[in-house]
Amino acid sequence: MPEGPELHMASRFVNRVCCGLVFSGSVEKSAVSKNTEVPFQCEAYIISAQSRGKEVKLTLTPVKVEDVSPSATDGKAGSPGQMDIIFRFGMSGSFELAAVEEIPKHAHLRFLTRRCPRQVLCFVDPRRFGSWAVNGSWQPARGPCVMLEYEMFRQNVLTHLSDNAFNKPICEVLLNQKYFNGIGNYLRAEILHRLKVPPFERARTVLEASLHKEPTDELTLSKKVKMKLENPDILELCHLLPMEVINLGGKGYISDRTDGSSAFAAWLRCYDVSGMQTLRDANGRTIWFQGIPGPMAPKGSRTPKSKSQKKTKLEEDEKHSVANEGHTAKKRKRKVEQQRSPAVPEDGPQRNGQNTKAAAGEQEAEKPEEAQGTRRRSERNRRKPAAELLPMSETPAESGRRKTRAMKSRKK
DNA sequence: CGTCCACGTCTAC
DNA sequence: TAGACCTGGACGG
């Protein structure tokens with residue numbers, strides 16, 4: 001679910017559904033979660049939320065049992081017994097409100113209401129990359145929120161342009177949360193696409209162009225405003241695009257993007273859009289773009305197809321079963337067979353094997369059992385270093401379709 | 001069945 | 001700068 005917009009919408013969701021709810025008791029953590037217990041216990045408390053970039057803060061505020069009026073729930077910071085919990089969502093975190101009888105799978109932290117019908121606010125996170133910290137504050141290494149602290153965000157970038165961080169390609173820097181707190185993989189693609197900025201152009205180069213657009217005195221105020229509205233620079237887009245997603249009113253990425261009918265899917269112009277190109281950046285993340293990749297593009301890196309791409313390709317294959325160059329398909333995929341440099345494998349030891357018995361007992365999942373000690377399972381999915389697994393005799397086309405995640409490990 | 005892919009950090013060489 | 005950390009959906013054989 002989670003880039004800045006989804007985190008922000010999650011905080012609004014919590015404030016909306018918890019308005020008027022009184023919670024009680026202790027906070028339950030699933031047995032499987034490796035995150036810390038939340039040592040909070042209270043007869044009656046309320047929950048409110050705030051977001052900043054890719055974090056959400058829940059505030060638990062004790063209230064008098066007999067007084068649940070809004071005035072009592074206005075909880076200033078520092079109310080006695082108050083607790084803040086900072087959440088990061090990883091790849092799959094979200095908040096849900098459910099009836100106690102219907103607690104969703106993967107609900108790793110649970111807040112129970114005091115009165116019937118008993119309900120539960122759940123932090124749900126299937127992949128468990130998410131985390132929370134008790135009585136912490138916003139992660140200090142993260143910069144200002146691109147959505148809610150725009151001016152600070154902008155200044156933070158512009159005053160640190162000499163930082164070595166900006167030597168990297170712009171598409172990678174946009175994921176640096178020290179400067180772009182809230183931007184994630186789909187937002188970086190959309191931002192760069194709107195400006196037609198090559199993703200692997202050096203970040204400082206791109207941003208200095210932005211700096212030059214700072215208001216100049218020759219223009220009247222209204223003209224400056226007009227220009228800004230019509231030609232937002234990259235830092236403005238880092239604010240405006242997340243705001244657009246928020247204003248779609250859906251749940252952002254979470255809503256079923258693949259069915260193409262959601263407002264969010266329609267909003268995307270580049271990310272996961274048929275016809276766009278993809279590459280892996282230096283961190284192995286897929287960057288979606290159109291046009292030239294830019295001077296700092298990694299050599300010989302390519303991404304396999306996304307779900308939607310595969311789907312499209314399948315449809316086309318059916319249409320073109322006669323093997324001609326039909327022109328019916330509107331959404332023709334670019335079938336760049338980006339000539340890759342041939343895999344240069346030292347044929348090392350064949351280490352494939354490696355099938356550890358994936359433990360049978362797997363069901364334990366979210367039961368409050370001990371549940372630890374099932375880490376054997378993950379070995380099945382582990383990415384192989386793979387470079388040495390490439391047969392040298394492979395055709396370029398075939399090797400081109402191979403997983404390239406490991407390729408970055410190949411010293412070019 | 002197996003492989004690949006996904007909205008993100010983290011930390012260990 | 002590689003993995004590690006996870007589950008689950010879509011595909012391919």
Side-chain angles (χ1 to χ4, degrees), chain A residues 1-10 30 32-35 53-55 87-94 104-106 108 124-133 139 141-142 168 172 174-178 180-190 242 245 250-259 264-265 268 271-272 278 280-288 298 302-315 317 352 354-355 358 362-363 365-366 371 374-387 389 401-412:
Chain A
M1 157 174 199
E3 295 184 21
E6 289 79 15
L7 278 277
H8 180 71
M9 290 186 280
S30 76
V32 271
S33 171
K34 292 172 185 166
N35 284 302
K54 270 186 244 181
E55 296 184 304
F87 289 82
R88 260 152 278 137
F89 280 13
M91 294 286 261
S92 60
S94 65
K105 209 178 172 188
H106 308 299
H108 297 302
V124 179
D125 182 16
R127 296 184 69 179
R128 279 183 264 151
F129 292 173
S131 61
W132 60 80
Q139 261 191 333
R142 307 185 75 104
K168 294 183 175 179
E172 290 169 22
L174 285 175
L175 294 186
N176 183 342
Q177 303 297 298
K178 181 175 175 188
F180 296 89
N181 189 5
I183 302 300
N185 205 24
Y186 77 70
L187 283 169
R188 72 169 175 173
E190 296 300 315
V245 174
K251 289 203 158 189
Y253 192 98
I254 209 182
S255 55
D256 189 2
R257 338 188 316 285
T258 55
D259 76 359
F264 179 73
L268 291 172
Y271 180 89
D272 206 15
T278 58
R280 297 274 198 197
D281 69 15
N283 299 307
R285 300 267 255 147
T286 300
I287 175 69
W288 290 75
R302 227 198 97 74
T303 333
K305 298 156 187 67
S306 74
K307 296 162 197 165
S308 64
Q309 281 177 308
K310 286 178 186 165
K311 203 172 295 175
T312 303
K313 183 178 187 308
L314 189 71
E315 290 158 6
D317 288 353
N352 43 11
Q354 168 101 28
N355 304 345
E362 199 44 41
Q363 265 330 60
E366 294 1 304
T374 62
R375 51 191 99 84
R376 280 152 294 163
R377 175 196 223 288
S378 61
E379 297 179 16
R380 186 159 57 66
N381 280 351
R382 205 143 288 164
R383 301 243 184 288
K384 281 284 78 208
L389 295 180
R401 293 167 45 218
R402 290 213 166 276
K403 247 311 14 19
T404 52
R405 182 69 176 245
M407 230 171 225
K408 59 187 178 182
S409 64
R410 288 177 28 203
K411 281 341 196 162
K412 80 83 166 305

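Lettering of chains follows the sequences in order, A, B, ..., and the numbering in each one begins at 1.
- Of the two residues contacting DNA chain B, namely A:R127 and A:S131, the nearest-nucleotide position lying further toward the 5' end is that of A:R127.
- In this structure, the aromatic ring of A:F129 is positioned over the six-membered ring of the base of B:dG8, centres within 5.5 Å and planes within 30°.
- Residue contacts for A:E172: at a heavy-atom cut-off of 4.0 Å it reaches no nucleic acid atom on any strand shown.
- The backbone N or O of A:A133 lies less than 3.5 Å from no partner atom in the side chain of A:N35, so there is not a single donor-acceptor pair.
- Here B:dG8 presents its P atom at 18 Å from CZ of A:F87, a figure rounded to the nearest Å.
- Taking the side chain of A:P2 as heavy atoms from C-beta on, and the options B:dC10, B:dG8, C:dT7, the nearest nucleotide is B:dG8.
- Note on A:K105: a side-chain N or O is less than 4.0 Å away from OP1 or OP2 of C:dG8.
- If you check C:dT7, B:dC10, B:dA6 against the side chain of A:R128, the one that comes closest is C:dT7.
- Between the P atom of B:dA6 and the CD atom of A:E3 lies a distance of 13 Å, rounded to the nearest Å.
- If you measure from atom NZ of A:K178 to atom P of B:dT9, you get 15 Å, rounded to the nearest angstrom.
- Between B:dG8, C:dG8, B:dT9, one nucleotide has an atom nearer to the side chain of A:R142 than all others, and that is B:dT9.
- We find that CG of A:L175 is positioned 14 Å from C1' of B:dA6, with the value rounded to whole Å.
- Here B:dG8 presents its C1' atom at 13 Å from CG of A:N176, a figure rounded to the nearest Å.
- With values rounded to the nearest 0.5 angstrom, A:R188 atom CZ is found 6.5 Å from A:R285 atom CZ.
- Separating the CD1 atom of A:I183 from the P atom of B:dT9 is a distance of 11 Å, rounded to the nearest angstrom.
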Could you walk me through whether A:E190 and A:Y271 pass the side chain to side chain contact (heavy atoms under 4.5 Å, CB included) check?
CA-CA 7 Å; A:E190 296 300 315; A:Y271 180 89; 3.6 Å; yes

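- Phosphate contact (OP1/OP2 of B:dT9, side-chain N/O of A:Q177, threshold under 4.0 Å): present.
- When the nucleotides B:dT9, B:dC10, B:dG8 are ranked by their closest atom to the side chain of A:R88, B:dC10 comes out on top.
- Rounded to whole angstrom, the span from the CD1 atom of A:I287 across to the C1' atom of B:dG8 amounts to 15 Å.
- Taking side-chain N and O atoms only, A:Q139 has no distance below 4.0 Å to OP1 or OP2 of B:dG8.
- In this structure, the nucleotide among C:dT7, B:dA6, B:dT9 sitting nearest to the side chain of A:T286 is B:dA6.
- Distance check, rounded to the nearest 0.5 Å: NZ of A:K105 to OG of A:S30 gives 12.5 Å.
- A:K54 places its NZ atom 6 Å from the C1' atom of B:dG8, with the value rounded to the nearest Å.
- Taking 4.5 Å as the limit, some side-chain heavy atom of A:E3 sits within range of a side-chain heavy atom of A:Y186.
- Remark: A:R280 is not in phosphate contact with C:dA2, judged by side-chain N or O atoms under 4.0 Å from OP1 or OP2.
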